[in-house]
Amino acid sequence: MGVAIFAARKIALLNSINNLEMMRMQISSQQQVLTDQACNLSMQQMNLQMTASMMPQQGGGGNVWNQIGQAAGGLGGSVGSLFGGQGAGIGSLAGSVVGLAGSIFGGGGGDGGSAAAQQQQQQMQQQNMQIQMKLMQIQQQEKRLEMTAKTLETQLLMKNKELEGVEKGEEKAIARSGPKFE
């Protein structure tokens, strides 16, 4: 009769261990999803920062397009010195084209442009704050999952030790219940 009790307990422990292992795998999967979300949010935040750094600075009077135009003009001057002066004309033409693109795509520099830039910066700050809040929520969820995983590990260790004890008890019960030959 003792062998049957040990066998039943062994089956129950194996089922518990399998369930705990499954829960551990699910937690690992959830942690991976959270890590992916955090990575995506970090990329969004980096894109916002890059966009913000390219926006015209308040009171600066210039913008990225004008800076690119100046760089193109400087490059044309360098090319001109190499090829006998014709490159300077190319550089000034490139600078003009890029400057024109700047006035079309966001140039301006007057009050309307700075008000729009301020509004866009505020929107970007709000987006950045939302991303920060989401990242904090993800960190909290990761901490909860970590604590749950540690609890599961502890339970698994206890169940495995109990299983070892049951297996030893089962072996002893089998040895006692067997026929004795003298």
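These numbers come from the heavy atoms of this one structure, side chains and all, not from hydrogens, waters or symmetry mates.
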To the closest 0.5 Å, what do you measure between [atom1] ([X]) and [atom2] ([Y])?
X      : Y      : atom1 : atom2 : answer
Leu14  : Leu163 : CG    : CG    : 5.0 Å
Leu20  : Lys159 : CG    : NZ    : 7.0 Å
Leu13  : Glu162 : CG    : CD    : 4.5 Å
Leu156 : Thr151 : CG    : OG1   : 11.0 Å
Gln37  : Gln32  : CD    : CD    : 11.0 Å
Leu152 : Leu157 : CG    : CG    : 11.0 Å

Please check if atom CE in Met124 has more than 12 non-hydrogen atoms from other residues, nucleotides or ligands closer than 6.0 Å.
yes
Would you say [X] and [Y] make side-chain contact, with heavy atoms under 4.5 Å?
X      : Y      : result
Met158 : Thr154 : yes
Leu34  : Gln30  : no
Gln26  : Met22  : yes

Considering all heavy atoms, the nearest [X]-[Y] contact:
X      : Y      : value
Ala38  : Ile138 : N-CD1, 3.9 Å
Ala173 : Gly2   : CB-C, 4.4 Å
Val3   : Ser177 : CG2-OG, 4.1 Å
Gln45  : Asn128 : NE2-OD1, 2.8 Å

Assess whether side-chain contact (heavy atoms from CB on, under 4.5 Å) is satisfied between Arg144 and Gln140, documenting all intermediate values.
CA-CA 6 Å; Arg144 276 183 260 157; Gln140 290 172 352; 3.8 Å; yes
Would the distance check show the side chain of Ser29 and the main-chain N or O of Met25 forming a donor-acceptor pair, the cut-off being under 3.5 Å?
no
Not counting sequence neighbours, list each pair that qualifies as a salt bridge (charged side-chain N to carboxylate O under 4.0 Å, His left out) and has a residue in residues 17-42.
Glu21-Arg24, Arg24-Glu153
Can you list the residues that meet the side chain to side chain contact (heavy atoms under 4.5 Å, CB included) rule with Lys172, with sequence neighbours excluded?
Arg176
Run the salt-bridge test on Arg9 and Glu170 with the 4.0 Å N-O cut-off and return the result as yes or no.
no
Please report the C-alpha distance between Leu135 and Gln139 in whole Å, then the side-chain angles of each, then the deciding distance to 0.1 Å, and finally whether the side-chain contact (heavy atoms from CB on, under 4.5 Å) criterion is met.
CA-CA 6 Å; Leu135 284 172; Gln139 287 175 343; 5.5 Å; no
